[in-house]
Amino acid sequence: MPGIPSVPLNDGTAFPELGLGTYNLRGEAGVTAMVSALEAGYRLLDSAVNYENEAEVGEAVRRSGIPRDEILVTTKIPGRDHGYDEATASARRSLDAMGLDRIDLYLIHWPNPSVDKYVDTWRAMIDLRAAGSVRSIGVSNFTEPMLRRLVEETGVVPAVNQVELHPYFPQDQLRAVHAELGIRTESWSPLARRSELLGESVVKEVAEAHGVTPTQAVLRWHVQAGSTPIPKSGDAQRQRENADVFGFELTADEVDALSGLRRGRLWDADPDTHEEM
Ligand SMILES: NC(=O)C1=CN([C@@H]2O[C@H](COP(=O)(O)OP(=O)(O)OC[C@H]3O[C@@H](n4cnc5c(N)ncnc54)[C@H](OP(=O)(O)O)[C@@H]3O)[C@@H](O)[C@H]2O)C=CC1
Ligand SMILES: O=C(O)C(=O)[C@@H](O)[C@H](O)C(=O)CO
């Protein structure tokens, strides 16, 4: 199986083209699942304060025996920690919870526009990066106007915007903005949370044409869309299947056919209105 390649972020960091989502991976079973993913070649783990599994992520990094510098750990600032001082303290708590001395990718989890503190939060992250406790800084669930506001008010372009993205919601416009600004797209719920997506006839046809599984066809679609998918699986075999998408290529027609499934978000996660604390 070919390994997971990397692409450079706008700050020069080599960023994997596929990672592991860890939502709901907790406790000893969660650590075991994260270790099995690292053993299978994953080098990007996606956590968040609100997943309540930062300790498990740190433990998995240590238990894997893989050199620390080869692994990128992501965590995210929750809404309740927006603001300069609050975000600075939140980073300290995350580092302590993980037992690590660096967060590799630090994201604002949700913009929470009604609170209007994401710019101050961003300023704290810029300073955390300068201090060395954070390597790359980015955002999640940011819209085009929010991204442009960050850049206008601070001059610092996020390295990553992690957003809902799958064939039901391909985010063409936002991906074009990312390309213009030099932001790496990261896809959350890349398998549409194992909804009916994997049973769609077009997905099955594309998969059969390449002798791969429907899941692999969908994950390859993300790769060719220029986005890093972070599929969550707690199962070692499915983790290996999900990572094995770098040995085949979809045709342009196949990419378009999968994008043709577009119909909208999975649930009401519009960042202009959905807020999480
Ligand atoms: N920034 C944000 O606001 C958000 C971020 N995220 C991040 O994105 C990650 C991924 O999204 P998530 O919502 O978890 O959903 P995914 O689209 O990754 O789907 C996960 C589901 O698919 C199943 N699955 C995984 N691989 C396979 C396979 N090969 N065949 C069949 N079923 C499979 C998993 O089950 P099993 O474990 O049993 O294999 C699980 O039920 C999250 O874990 C989190 O890290 C998610 C939502 C919002
Ligand atoms: O998983 C995350 O990162 C979230 O932000 C949550 O919205 C999560 O996706 C969820 O399902 C909450 O109902």
Side-chain angles (χ1 to χ4, degrees), residues 1 16 18-27 29-30 32-34 36-37 40 42 44-54 56-57 60 72-82 105-112 118 138-143 146 158 160-171 174 184-200 203-204 207 212-222 227-245 261 265-277:
M1 166 179 130
L18 185 141
L20 182 77
T22 73
Y23 184 55
N24 283 335
L25 292 180
R26 284 193 292 267
T32 303
M34 294 179 212
S36 71
Y42 288 73
L44 173 65
L45 300 178
D46 183 74
S47 181
V49 170
N50 280 347
Y51 300 171
E52 298 177 344
N53 66 2
E54 288 176 310
E56 286 89 332
V57 169
L72 281 85
V73 169
T74 304
T75 194
K76 313 188 191 86
I77 303 179
R80 61 185 176 282
D81 291 342
H82 280 207
L105 176 63
Y106 202 29
L107 306 178
I108 301 177
H109 201 150
W110 285 90
N112 291 5
Y118 64 76
V139 294
S140 176
N141 299 303
F142 272 50
T143 63
M146 294 168 186
V160 167
N161 189 16
Q162 182 186 112
V163 294
E164 178 178 357
L165 205 164
H166 40 72
Y168 288 143
F169 194 54
Q171 295 263 31
L174 190 58
R184 177 71 183 173
T185 310
E186 205 180 7
S187 311
W188 63 251
S189 294
L191 304 176
R193 285 205 168 151
R194 194 170 53 179
S195 57
E196 63 275 22
L197 175 68
L198 302 177
E200 294 279 0
V203 175
K204 290 199 272 191
V212 300
T213 65
T215 312
Q216 289 172 320
V218 168
L219 293 171
R220 182 68 208 177
W221 173 90
H222 287 271
S227 184
T228 290
I230 44 170
K232 175 263 169 184
S233 181
D235 176 80
Q237 194 176 328
R238 287 193 287 282
Q239 289 169 351
R240 282 195 298 276
E241 171 189 341
N242 296 349
D244 188 11
V245 297
L261 289 169
R265 301 180 188 278
L266 289 178
W267 50 283
D268 185 22
D270 180 347
D272 281 321
T273 50
H274 177 78
E275 305 199 339
E276 292 193 9
M277 295 308 284

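Residue indices begin at 1 and follow the sequence shown. Remember, it's 1-based here, ligands and their atoms both numbered in the order they're listed.
What sits closest to atom 10 (C) of ligand 2 on the protein, heavy atoms only, is Y23 OH, 3.5 Å. The shortest contact between atom 3 (O) of ligand 1 and any protein heavy atom is with N141 ND2, 2.9 Å. Protein heavy atom closest to atom 9 (C) of ligand 1, with residue, atom name and distance, is I230 O, 3.3 Å. In this structure, the protein non-hydrogen atom closest to atom 47 (C) of ligand 1 is W188 CE3, 3.2 Å. Of the protein's non-hydrogen atoms, Y23 CB, 3.6 Å is the one closest to atom 42 (C) of ligand 1. In this structure, atom 6 (C) of ligand 2 lies nearest to the protein heavy atom E276 OE2, 3.3 Å. For atom 12 (P) of ligand 1, the closest non-hydrogen atom of the protein is S189 OG, 3.6 Å. At the top of the distance list for atom 28 (C) of ligand 1, counting protein heavy atoms only, stands R238 CD, 3.4 Å.
Ring-plane geometry between H274 and W110 is classed as perpendicular, the angle between the planes exceeding 60 degrees on a 0 to 90 degree scale with a lower cut at 30.
For ligand 2, the polar-atom distance check against W267 finds no nitrogen or oxygen pair separated by under 3.5 Å. At least one N or O atom of R193, backbone or side chain, sits closer than 3.5 Å to an N or O atom of ligand 2.
Nearest to atom 41 (O) of ligand 1 by heavy-atom distance, out of R194, Q237, K76, is R194. When L107, D46, D244, L197 are checked for heavy-atom proximity to atom 45 (O) of ligand 1, D46 turns out nearest. Checking K232, Q239, R193 against atom 15 (O) of ligand 1, the nearest heavy atom belongs to R193.
Of the N and O atoms on the side chains of S187 and H222, at least one donor lies less than 3.5 Å from an acceptor on the other residue. With hydrogens and angles left out, the side-chain atoms of T75 and E54 include a donor and acceptor closer than 3.5 Å.
Only the backbone of T22 comes within 4.0 Å of ligand 1, counting heavy atoms alone; no side-chain atom from C-beta on gets that close. Counting heavy atoms under 4.0 Å from ligand 1, residue S140 touches it through the side chain alone. Residue K76 does not touch ligand 2, judged by heavy-atom distances below 4.0 Å. The proximity of N242 to ligand 1, defined as any non-hydrogen pair under 4.0 Å, is limited to the side chain. By the criterion of a heavy-atom distance under 4.0 Å, both the backbone and the side chain of P190 are placed next to ligand 1.
In this structure, W110 is part of the shell of residues with a heavy atom less than 4.0 angstrom from ligand 2.
Counting heavy atoms from C-beta outward, M146 and N141 have side chains that stay 4.5 Å or more apart.
Which parts of ligand 2 touch Y51 is read off a 4.0 Å heavy-atom cut-off, strictly below it: atoms 1 (O), 2 (C), 3 (O).
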